[in-house]
Amino acid sequence: MSLLQEEREIILSNEYVEHFDFAEVEEFIKNASKDLFISHNFRTKNKMLVQPRGGFPTYNKMYALYEFFVNANVDVLPCTIDSNTRLNDYATSKKMLRLSEESEVDMLNGYPLVNHGYRTTRKMITHFNKPVSLRHGTPDARLLIETAIASGIFEIEGGPITYLLPYSKNFPLDKAFLYWKYVERVCAKYSTLNEPINRESFGPLTATLVPPCITIVIQLLEMLLSLEEGVKSFSVSFSQSGSVNQDIVTGAVIRKLAKHYANEIGCGDAEIHLVYHQWMGAFPMDQNFSSQLISLSTAIAAMVGADKIITKTKQEASGIPTKEANAETVANTQYLLRILNGLPNVVDVEEEENLTLEVKAIMEAIFNDSADTLWRKAFNSIKNGIIDVPFSPHIINHNEMITIRDVNKNIRIMKRGNVPIPDKCFEYEKSKCDLKKDTTSIVNDIIHDIGIMQ
């Protein structure tokens with residue numbers, strides 16, 4: 001028995017997991033409908049795929065949500081996991097699921113997939129026969145991913161950096177890298193049976209003044225870590241930043257460099273896709289303004305040529321969005337995408353060159369680390385502040401990089417900390433900022449930016 005298989009046996013022997021029949025799971029994946037694979041949909045649909053967010057604790061409510069979404073013409077169904085499962089607390093999830101079923105009041109903020117089990121969930125997934133995207137935020141997702149794939153969920157979001165630095169304070173980063181290495185191996189193994197299992201990184205990070213160079217570097221690293229384990233379909237992503245021009249530049253650079261670095265490690269045959277998130281920051285209280293913000297996101301996604309857009313709703317500022325609000329956004333997004341033809345190809349050569357230089361300088365510093373593996377190089381780079389995510393709560397993150405918006409709403413680097421931004425690029429960034437302001441005014445600007453769209 002291989003080391004991987006031994007580890008799988010241990011993970012799946014958890015008391016909250018039903019008996020796993022590996023042979024049956026492999027047979028299911030081998031014969032699964034290709035429509036369930038988002039990698040197949042990317043290749044054949046010839047359109048930008050539209051995916052809402054959503055998840056309920058009970059099977060019946062989740063089934064009803066999917067039924068509603070399918071009628072609303074979604075391309076990809078979401079499966080948002082509850083926060084107890086995200087923390088591997090299956091005992092609490094089980095208790096809250098029971099209470100939800102008895103009282104019909106939702107006691108969980110998502111679907112407790114491990115507790116429902118793969119045999120039950122698979123009935124729902126195969127019934128609707130649409131690709132499902134697993135969204136969870138779990139540093140140790142080994143059991144969750146095994147259950148998801150056995151259920152027919154062939155699109156897995158997350159990664160050791162993007163699901164740790166924005167969400168966790170002290171979960172050990174080195175463990176997260178090793179746990180996600182397991183996930184990549186399982187995805188790669190199952191990908192040989194039918195269409196590729198798609199892995200998707202989570203680009204929005206803290207969604208607060210994250211400069212494009214940091215977003216892109218982390219996307220590239222998670223992509224490389226995945227590809228080197230054998231994954232053949234990967235989606236890099238980022239979210240609406242607040243600057244139309246900067247988003248277009250980011251889209252162009254991330255596409256170009258993802259292909260470049262995939263080729264560098266001999267994985268040029270992998271399919272690389274681009275996912276764009278509608279605005280992830282604080283939403284306006286005025287729902288009319290929210291609608292405008294969402295429509296603008298859709299137009300930008302069309303301009304960057306995204307392969308998938310993940311939607312928000314005009315209810316974001318007032319609580320958990322209803323399924324009706326989600327369906328409305330999907331319908332509006334699909335409509336807008338159909339009529340957005342002939343958009344101009346906007347190119348900003350100066351910004352693209354500056355961003356490319358920044359990303360390449362950071363990547364070079366990471367590769368030059370003396371560690372023997374890429375994950376250890378990435379770990380050391382975060383520990384040393386070469387990668388620094390603004391507003392990350394995690395204790396390992398340096399939080400020394402300071403960013404602010406310029407007059408055109410672009411996110412600019414005002415203080416680089418240990419991030420190896422080349423001097424030429426740093427001067428360019430600072431030249432766009434109003435540095436004559438006093439410290440109090442700058443801090444107020446940053447605080448105000450959290451609610452920039454209000």
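Since the structure is predicted, the reported quantities are computational estimates derived from the model, not experimental observations.
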Problem - Donor on one side chain, acceptor on other, Ser392 and His394, under 3.5 Å - result: no
Problem - Evaluation steps, side chain to side chain donor-acceptor pair (under 3.5 Å), between Glu27 and Asn31 - result: CA-CA 6 Å; Glu27 197 62 21; Asn31 297 303; 3.3 Å; yes
Handout entry: Residue Leu178 excluded, over 12 heavy atoms near CG under 6.0 Å
Key = yes
Problem - Side-chain (Ser201) to main-chain (Gly203) donor-acceptor, under 3.5 angstrom - result: no
Practice task
Please say which of Ile294, Leu296, Thr298 ends up in a side chain to side chain contact (heavy atoms under 4.5 Å, CB included) with Gln240.
Solution key: Leu296
Handout entry: Residue pair Asn198, Ser39: steps toward the side chain to side chain donor-acceptor pair (under 3.5 Å) verdict
Key = CA-CA 6 Å; Asn198 186 71; Ser39 56; over 6 Å; no
Problem - Summary of salt bridge (Lys or Arg N to Asp or Glu O under 4.0 Å) pairs that have at least one residue in residues 141-167, sequence neighbours excluded - result: Glu7-Arg142, Arg8-Glu146, Arg135-Glu157, Asp140-Arg142, Glu155-Lys308
Problem - Donor-acceptor under 3.5 Å (Lys377 side chain, Ile366 main chain) - result: no
Problem - Modelled atom types, side-chain donor and acceptor of Thr313 and Asn326, under 3.5 Å - result: no
Exercise for the section: Answer yes or no: is there an ion pair linking Asp106 with Lys61, defined by an N-O contact shorter than 4.0 Å? Expected result: yes
Practice task
Assess the side chains of Thr92 and Asn84: does a donor N or O sit below 3.5 Å from an acceptor N or O?
Solution key: no
Exercise for the section: Indicate yes or no: does Arg43 engage Glu195 in a salt bridge with an N to O separation below 4.0 Å. Expected result: yes
Handout entry: CG-CD distance between Leu77 and Glu67, expressed to the nearest 0.5 angstrom
Key = 11.5 Å
Practice task
Supply the atom-to-atom distance Ile421 CD1 to Ile362 CD1, rounded to the nearest 0.5 angstrom.
Solution key: 4.0 Å
Handout entry: Short side-chain donor-acceptor distance under 3.5 Å, Asn109 and Asp82
Key = no
Handout entry: Student check: side-chain heavy atoms of Arg122 and Phe28 closer than 4.5 Å
Key = yes
Practice task
Sort out for me which residue in Ile125, Ile149, Asp21 forms a side chain to side chain contact (heavy atoms under 4.5 Å, CB included) with Tyr118.
Solution key: Asp21
Practice task
Side-chain contact test, heavy atoms from C-beta onward, threshold under 4.5 Å: evaluate it for Ile11 versus Val17 and give yes or no.
Solution key: no
Exercise for the section: State whether the side chain of Arg199 and the backbone N or O of Glu184 hold a donor-acceptor pair below 3.5 Å, judged by distance alone. Expected result: no
Fill in the blank from the handout: Rounding to 0.5 Å, atoms CZ (Arg376) and OG (Ser381) come to a distance of 13.5 Å
Exercise for the section: Report yes or no: does Asn384 contribute a side-chain atom to a donor-acceptor pair with the main-chain N or O of Ile386 at less than 3.5 Å? Expected result: no
Problem - Check: Glu222 and Pro160 side chains under 4.5 Å, non-hydrogen atoms - result: yes
Practice task
List the steps, then state whether ring-ring contact (aromatic ring centres under 6.0 Å, His included) holds for Tyr66 with His127.
Solution key: CA-CA 10 Å; Tyr66 281 178; His127 172 80; over 10 Å; no
Handout entry: Pair Lys314 + Glu324: basic N to acidic O under 4.0 Å
Key = no
Handout entry: Nearest-0.5 Å distance that lies between atom OG in Ser233 and atom CD1 in Ile38
Key = 8.0 Å
Problem - Minimum side-chain heavy-atom gap His273-Val236 below 4.5 Å - result: no
Problem - Centroid-centroid under 6.0 Å between Phe154 and His40 rings - result: no
Completion exercise
In Pro57, Cys79, Ser93, the residue satisfying side chain to side chain contact (heavy atoms under 4.5 Å, CB included) with Tyr111 is Cys79
Problem - Contact summary for Gly268 and Asn263, nearest pair of heavy atoms - result: CA-OD1, 3.0 Å
Exercise for the section: Look only at the side chain of Asn194 and the backbone of Ala32, and say whether a donor-acceptor pair between them is shorter than 3.5 Å. Expected result: yes
Practice task
List the atom of Ile413, the atom of Pro211, and the distance in Å for their closest heavy-atom pair.
Solution key: CG1-CB, 4.0 Å
Fill in the blank from the handout: Nearest heavy-atom approach of Pro204 to Val210 is O-CG2, 4.4 Å
Problem - Whether over 12 other heavy atoms sit under 6.0 Å from Lys47 NZ - result: yes
Fill in the blank from the handout: d(Leu173 CG, Trp375 CH2) to nearest 0.5 Å is 8.5 Å
Practice task
Return yes when atom NZ of Lys34 has more than 12 non-hydrogen atoms of other residues, nucleotides or ligands closer than 6.0 Å, and no otherwise.
Solution key: yes
Exercise for the section: Tell me yes or no: between the side chains of Asn354 and Glu358, is some donor less than 3.5 Å from an acceptor? Expected result: yes
Fill in the blank from the handout: Minimal heavy-atom distance between Ser133 and Gln51, with the atoms involved, is CB-OE1, 3.4 Å
Handout entry: Charged N-O contact under 4.0 Å between Glu229 and Lys181
Key = yes
Handout entry: Charged N-O contact under 4.0 Å between Arg255 and Asp307
Key = yes
Practice task
Return yes if some donor-acceptor pair links the side-chain N/O of Ser33 with the main-chain N/O of Asp35 below 3.5 Å, else return no.
Solution key: yes
Handout entry: Step-by-step side chain to side chain donor-acceptor pair (under 3.5 Å) determination, Gln246 to Asp348
Key = CA-CA 9 Å; Gln246 198 163 42; Asp348 189 325; over 6 Å; no
Practice task
Would you indicate whether Lys259, at its atom NZ, is surrounded by more than 12 heavy atoms from other residues, nucleotides or ligands within a distance under 6.0 Å?
Solution key: yes
Problem - NZ (Lys360) with more than 12 external heavy atoms under 6.0 Å - result: no
Practice task
Quick one: closest heavy-atom pair of Thr403 and Leu209, and the distance?
Solution key: OG1-O, 2.7 Å
Exercise for the section: Please confirm whether the backbone N or O of Ala325 pairs with a side-chain atom of Thr322, one donor and one acceptor, at under 3.5 Å? Expected result: yes
Practice task
For atom OH of Tyr335, decide whether the heavy atoms of other residues, nucleotides or ligands shown that lie under 6.0 angstrom number more than 12.
Solution key: no
Handout entry: Six-ring centre of Tyr167, Arg86 cation under 6.0 angstrom, axis tolerance 45°
Key = no
Handout entry: Least distance between heavy atoms, Ser239 atom then Tyr276 atom
Key = C-CE1, 4.1 Å
Practice task
Evaluate whether atom NZ of Lys256 has more than 12 neighbouring non-hydrogen atoms of other residues, nucleotides or ligands under 6.0 angstrom away.
Solution key: yes
Exercise for the section: Decide side chain to side chain donor-acceptor pair (under 3.5 Å) for Asn397 and Asp388; before the verdict, give the C-alpha distance in whole Å, the side-chain angles of both, and the deciding distance to 0.1 Å. Expected result: CA-CA 6 Å; Asn397 192 71; Asp388 195 344; 3.2 Å; yes
Problem - More than 12 heavy atoms of other groups within 6.0 Å of Lys189 NZ - result: no
Problem - Any Pro196 side-chain heavy atom under 4.5 Å of Val231 side chain - result: no
Handout entry: Pairing of Lys312 and Glu328 as salt bridge, 4.0 angstrom limit
Key = no
Practice task
Can you measure from OG (Ser100) to CZ (Phe56) and round to the nearest 0.5 angstrom?
Solution key: 11.0 Å
Problem - ring-ring contact (aromatic ring centres under 6.0 Å, His included) involving Phe391 - partner list, sequence neighbours excluded - result: none
